[in-house]
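Note sheet for the following structure.
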Amino acid sequence: MPQGQPSVVPQDGLTTRQRRNRPLVMVHTGVGKGKSTAAFGMALRAWNQGWPVGVFQFVKSAKWKVGEENALKVLGASGEGGTVDWHKMGEGWSWIQRDGEMSNEDKAREGWEQVKRCLAEETYAFYVLDEFAYPLHWGWVDVAEVVEVLRNRPGTQHVVVTGRNAPEELCAFADLVTDMSKVKHPMDAGQKGQRGIEW
């Protein structure tokens, strides 16, 4: 394990071990590529530690098959590390009745309600709220409520939120914020996404 030394030792009354093991809220935002990919990489680390992992995709189509989904599901079922549950909007949200009659905004709100239930029950040790920054940015889900729920979550549950335009209130609260910028992208030269790179 890297032996990096923090530049500040807070006067919070915690031991080094307690501080090291406290649950984190992380945000991956910005216009660059790799926000979700980085979060899924963290989910792999969580799986390796034997932690139950919950992935909640908030914006991407239920038909969109990302490579990480298949890989994490296989690993979760392998019995080697932690379990992995993958929830998508429009698919797998078994607590939503008459799903076809709900708008994307309603689905996002109901998705957040389920995340709240999971946090209250300490269902997972590691949560990926993929593209959750969008419903927050669009005003579909109240940012102040999200921050309050995350602040008061029980246990040692880690949460990573991805998506462009993450609200400032969430970023100010989070323990780790990465703003991924774009220097260059193949789409700039007219190239569409490709297998093995985008999915």
Side-chain angles (χ1 to χ4, degrees), residues 6 8 10 12 19 22-43 45-46 51 53-62 64 66 68-69 85-93 95-96 102-183 185 187 198:
V8 175
D12 55 11
R19 201 175 298 115
R22 70 184 182 86
L24 300 176
V25 171
M26 298 152 282
V27 176
H28 297 173
T29 193
V31 299
K33 177 175 166 50
K35 296 177 287 293
S36 297
T37 303
F40 296 144
M42 295 175 83
R45 291 176 176 175
W51 298 352
V53 174
V55 178
F56 297 81
Q57 279 191 299
F58 275 84
V59 172
K60 289 173 181 161
S61 166
W64 184 253
V66 297
E68 295 95 342
E69 177 185 354
D85 292 329
W86 197 289
H87 308 283
K88 296 184 191 185
M89 303 311 300
E91 177 182 293
W93 297 87
W95 52 87
I96 296 178
M102 297 183 76
S103 69
N104 288 332
E105 184 174 350
D106 291 335
K107 290 177 186 178
R109 283 198 192 112
E110 184 54 37
W112 168 240
E113 290 300 317
Q114 181 59 32
V115 170
K116 284 168 50 178
R117 289 189 286 269
C118 289
L119 287 167
E121 296 166 6
E122 299 183 60
T123 305
Y124 306 107
F126 190 87
Y127 294 72
V128 177
L129 307 187
D130 189 37
E131 311 291 6
F132 189 48
Y134 289 101
L136 295 175
H137 176 70
W138 295 329
W140 293 356
V141 178
D142 183 64
V143 180
E145 179 192 340
V146 169
V147 169
E148 190 64 18
V149 167
L150 294 178
R151 177 180 284 117
N152 295 312
R153 71 196 187 283
T156 56
Q157 301 174 95
H158 299 281
V159 179
V160 59
V161 174
T162 74
R164 294 183 182 201
N165 302 309
E168 181 54 40
E169 189 177 353
L170 176 64
C171 291
F173 166 72
D175 301 288
L176 181 153
V177 178
T178 299
D179 188 324
M180 298 192 180
S181 61
K182 183 190 81 164
V183 176
H185 194 288
M187 288 183 71
E198 271 75 31

Evaluation steps, side chain to side chain contact (heavy atoms under 4.5 Å, CB included), between L129 and V115: CA-CA 9 Å; L129 307 187; V115 170; 3.9 Å; yes

Donor on one side chain, acceptor on other, E145 and W112, under 3.5 Å: yes

Main-chain N/O of G30 paired to K35 side chain as donor or acceptor, under 3.5 Å: yes

Distance in Å, L136 CG paired with L170 CG, rounded so as to fall on 0.5 Å steps: 6.5 Å

Under 3.5 Å donor-acceptor, H158 side chain and P23 backbone: no

Polar side-chain atom of T29 near backbone of A166 as donor-acceptor pair, under 3.5 Å: yes

Sub-4.5 Å side-chain heavy-atom contact between K33 and H185: yes

Shortest non-hydrogen separation from A39 to V160 and the atoms involved: CB-CG1, 3.9 Å

Minimum-distance pair of heavy atoms, taken over all atoms of Y134 and G163: CE1-CA, 3.9 Å

F40/W86 aromatic ring centres below 6.0 Å: yes

V159/R153 under side chain to side chain contact (heavy atoms under 4.5 Å, CB included): CA gap, chis, key distance, verdict: CA-CA 10 Å; V159 179; R153 71 196 187 283; 4.1 Å; yes

Nearest non-hydrogen partners of A46 and V53, listed with the distance: CB-CG2, 3.9 Å

Check: W140 and N104 side chains under 4.5 Å, non-hydrogen atoms: yes

No-hydrogen, no-angle side-chain donor-acceptor test under 3.5 Å, Y124 and Q157: no

Rounded distance (nearest 0.5 Å) linking atom OH of Y127 with atom NE2 of H87: 9.5 Å

Between CG on residue L119 and CG on residue N152, distance to nearest 0.5 Å: 11.0 Å

Sidechain N-carboxylate O distance under 4.0 Å for R109, E113: no

Any residue meeting ring-ring contact (aromatic ring centres under 6.0 Å, His included) with F173, in chain and number order, not counting sequence neighbours: none

Residue pair V147 / V149, side-chain heavy-atom distance below 4.5 Å: no

Between NZ on residue K107 and CZ on residue F58, distance to nearest 0.5 Å: 13.0 Å

Stepwise side chain to side chain contact (heavy atoms under 4.5 Å, CB included) check, N165 with W138: CA-CA 9 Å; N165 302 309; W138 295 329; over 6 Å; no

Pairs meeting criterion salt bridge (charged side-chain N to carboxylate O under 4.0 Å, His left out) with involvement of residues 157-181, two or more places apart: R22-D175

Approximate separation, where rounding is to 0.5 Å, of M42 CE and L24 CG: 7.5 Å

Contact summary for P154 and A120, nearest pair of heavy atoms: CG-O, 4.0 Å

Heavy-atom closest pair, residues A108 and V141: O-CG2, 4.1 Å

Interatomic spacing from CG in D130 to NE2 in H28 - rounded to 0.5 Å: 11.0 Å

Taking every non-hydrogen atom, the tightest pair across V177 and C171: CG2-O, 3.5 Å

